[in-house]
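Worksheet: one structure, shown below.
Keep in mind that this is a model prediction, so the values were computed, not measured. We name chains A, B, ... by the order of the sequence lines, and we start the count at 1 in each one.
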Protein chains: 2
Amino acid sequence: MDDEPDQRPEGRASRRASKTRQRLLDAALYIFNTKGVEGCAIEDITESADVGKGTFYRHFMDKQDALRTLLDFAADDLIKRMPPEQSPAISFEDRITQLIQAHLTFFTERSDLFLLFLQGQTMVATRSAAVPGLHAPYARYIGAIETRIAASLPATVLPEQKRQIASLLAAAACGPVTVGLSISSSKHDVIKTLDLARQSLLAGIKQVLLK
Amino acid sequence: MDDEPDQRPEGRASRRASKTRQRLLDAALYIFNTKGVEGCAIEDITESADVGKGTFYRHFMDKQDALRTLLDFAADDLIKRMPPEQSPAISFEDRITQLIQAHLTFFTERSDLFLLFLQGQTMVATRSAAVPGLHAPYARYIGAIETRIAASLPATVLPEQKRQIASLLAAAACGPVTVGLSISSSKHDVIKTLDLARQSLLAGIKQVLLK
DNA sequence: AAGTTTGTTGACGATGTAGTCAGTAGCGAC
DNA sequence: GTCGCTACTGACTACATCGTCAACAAACTT
């Protein structure tokens, strides 16, 4: 017991390995967003990462494993942009603005991750049976929104309503991106629509709550 | 010139052919929503339709051709549920409610078509280069919404804003479905969230317009 | 009925892809 | 140096899938 058991060795070799793993993830993200998750071959990824094909299988079980890793990472990135869970109680207007803002910077700074996130969201939504084990990041995502709005909502709001409002917020933040890009709006237009969605959501929730 | 040149022959043979084509489309819709558009083989479709593989290629160029046909059909179905284009001028509140309602019945009555519609929307949004020729139904869809809200909006609204409000409405109608199903909400919950989105959109647009 | 056209079939060649594995290269311990 | 270990490689097997086509079947025409 001379040193911590969970200490990483961190030699040059293992550093090289993580670098390779990261190169593979970067390449996979790029390829998934270019040819599509199901439309691409493992070799497309390894080719793009400039590593041998076998190397992929040293780091990931299969394509879905890499996808899961990326979706987890995307969800983490998005959640990290949200206000801290135990931040001071502020008005729900401000809280909602903060949450939409998190999506907005996620979109502007990591649109590649956001696009994959949306791609996965639709895969899970439209054919969850075909993509086992991919729902987790989306459950975490909605959970993160829910806990962040919970404290700012009036105590009279039912738990079930909180989940609904969280869904509504996610829809207001994700929907305009999918719709906007599907009709080839510019990034700028998407951002404007997102802001419109924010305003609309604010007014809407206020009214729904007061009812 | 004894009869119209564009008259269909409509013999037993061609009726049989259209029936086969329809069986293939039904099967394709089912398979696309089960295994995914890119995750399925042509034979999955012909197997499910119980026809020979070659028959598929007599009716469609390839998988994308069948997908395009289905997405066109889905957009038509959805647009047909909207109020008629030249219906009497009513308040935009009512018009928006009508439009959301159209999505709602589309979801309840043809969720298979809606799910494929959403799948295609994300394909086009996230990697349009990989799916050429699939944007058309979505452009028609947004156009349909736009013309239907145009007459009910104040004359002071800029054309550019109309397109934005149309996008917002589409997002409010599609977003909750994708988000809801991705976190495995029940159909009933999705419908409730859709109604919440309608109320929120009403309040929101009202406020945005008055600003 | 014989001939023509249209629709359907499934076996086939060509190609693509997944996942493996024996072999190589680089690193770290001694 | 050399030994062991870990990371990496890409040729290889096995299998899936594409799109074609010659043969067959059904429906029309004369």
Flag, side chain of B/S185 to backbone of B/V190, donor-acceptor distance under 3.5 Å: no
Charged tip of A/K35 within 45° of A/Y30 ring normal and under 6.0 Å: no
Report all interatomic pairs (protein N or O, nucleotide N or O of nucleotides 4-6 of chain C) with separations under 3.5 Å.
none

Residue B/V51, side-chain atoms from C-beta onward, closest of D/dC18, C/dT9, C/dT20: C/dT9
Pairs meeting criterion ring-ring contact (aromatic ring centres under 6.0 Å, His included) with involvement of residues 54-75 of chain A, two or more places apart: A/F56-A/F60
Show me the protein contacts with nucleotides 22-25 of chain D, counting only N or O atoms at under 3.5 Å.
none

Nucleotide nearest A/R16 (side chain, heavy atoms from C-beta), chosen from C/dA18, C/dG26, D/dT17: C/dG26
Distance in angstrom units between A/D62 CG and C/dT17 C1', rounded: 14 Å
Length of the CD-C1' vector between B/E47 and D/dA16, whole Å: 14 Å
Parallel, tilted or perpendicular: rings of B/F107 and B/F114 (30°, 60°): perpendicular
Residue whose nearest DNA chain D nucleotide is more 5′ - B/A41 or B/R15: B/A41
Rounded distance in Å - CD1 (B/I42) to C1' (D/dT20): 14 Å
Over all atoms of both residues, closest heavy-atom pair of B/R140 and B/D72: NH2-OD1, 3.1 Å
Plane angle bin for A/F117 and A/Y138 - parallel if under 30°, tilted between 30 and 60°, otherwise perpendicular: tilted
Phosphate OP1/OP2 of D/dA7: any A/T55 side-chain N/O under 4.0 Å: no
Selection from D/dC18, C/dC27, C/dA18 that lies nearest to any side-chain heavy atom of A/R12: C/dC27
Nearest non-hydrogen partners of B/S167 and A/I183, listed with the distance: OG-CD1, 3.6 Å
Selected nucleotide, minimal atom distance to A/K53 side chain, candidates D/dG10, D/dC18, D/dC8: D/dG10
Chi angles and distances behind the side chain to side chain contact (heavy atoms under 4.5 Å, CB included) call for A/Q119, B/M123: CA-CA 7 Å; A/Q119 214 179 130; B/M123 287 169 66; over 6 Å; no
Whole-Å gap separating P (D/dA26) and NZ (B/K19): 16 Å
Nearest-Å distance for atom pair CZ/C1', residues A/F56 and D/dG10: 16 Å
Stepwise side chain to side chain contact (heavy atoms under 4.5 Å, CB included) check, A/T34 with B/R127: CA-CA 6 Å; A/T34 308; B/R127 53 207 161 84; over 6 Å; no
Whole-Å gap separating C1' (D/dT6) and NE2 (A/H59): 11 Å
side-chain hydrogen bond (donor to acceptor under 3.5 Å, both in side chains), paired with B/R81, selected from B/Q98, B/E109, B/H103: B/E109
Residue whose closest nucleotide on DNA chain C lies nearer the 5' end, B/E43 versus B/T20: B/T20
Between C/dA22 (P) and A/Y57 (OH): distance, integer Å: 18 Å
For atom CG of A/D65 and atom C1' of C/dG19, their distance in whole Å: 14 Å
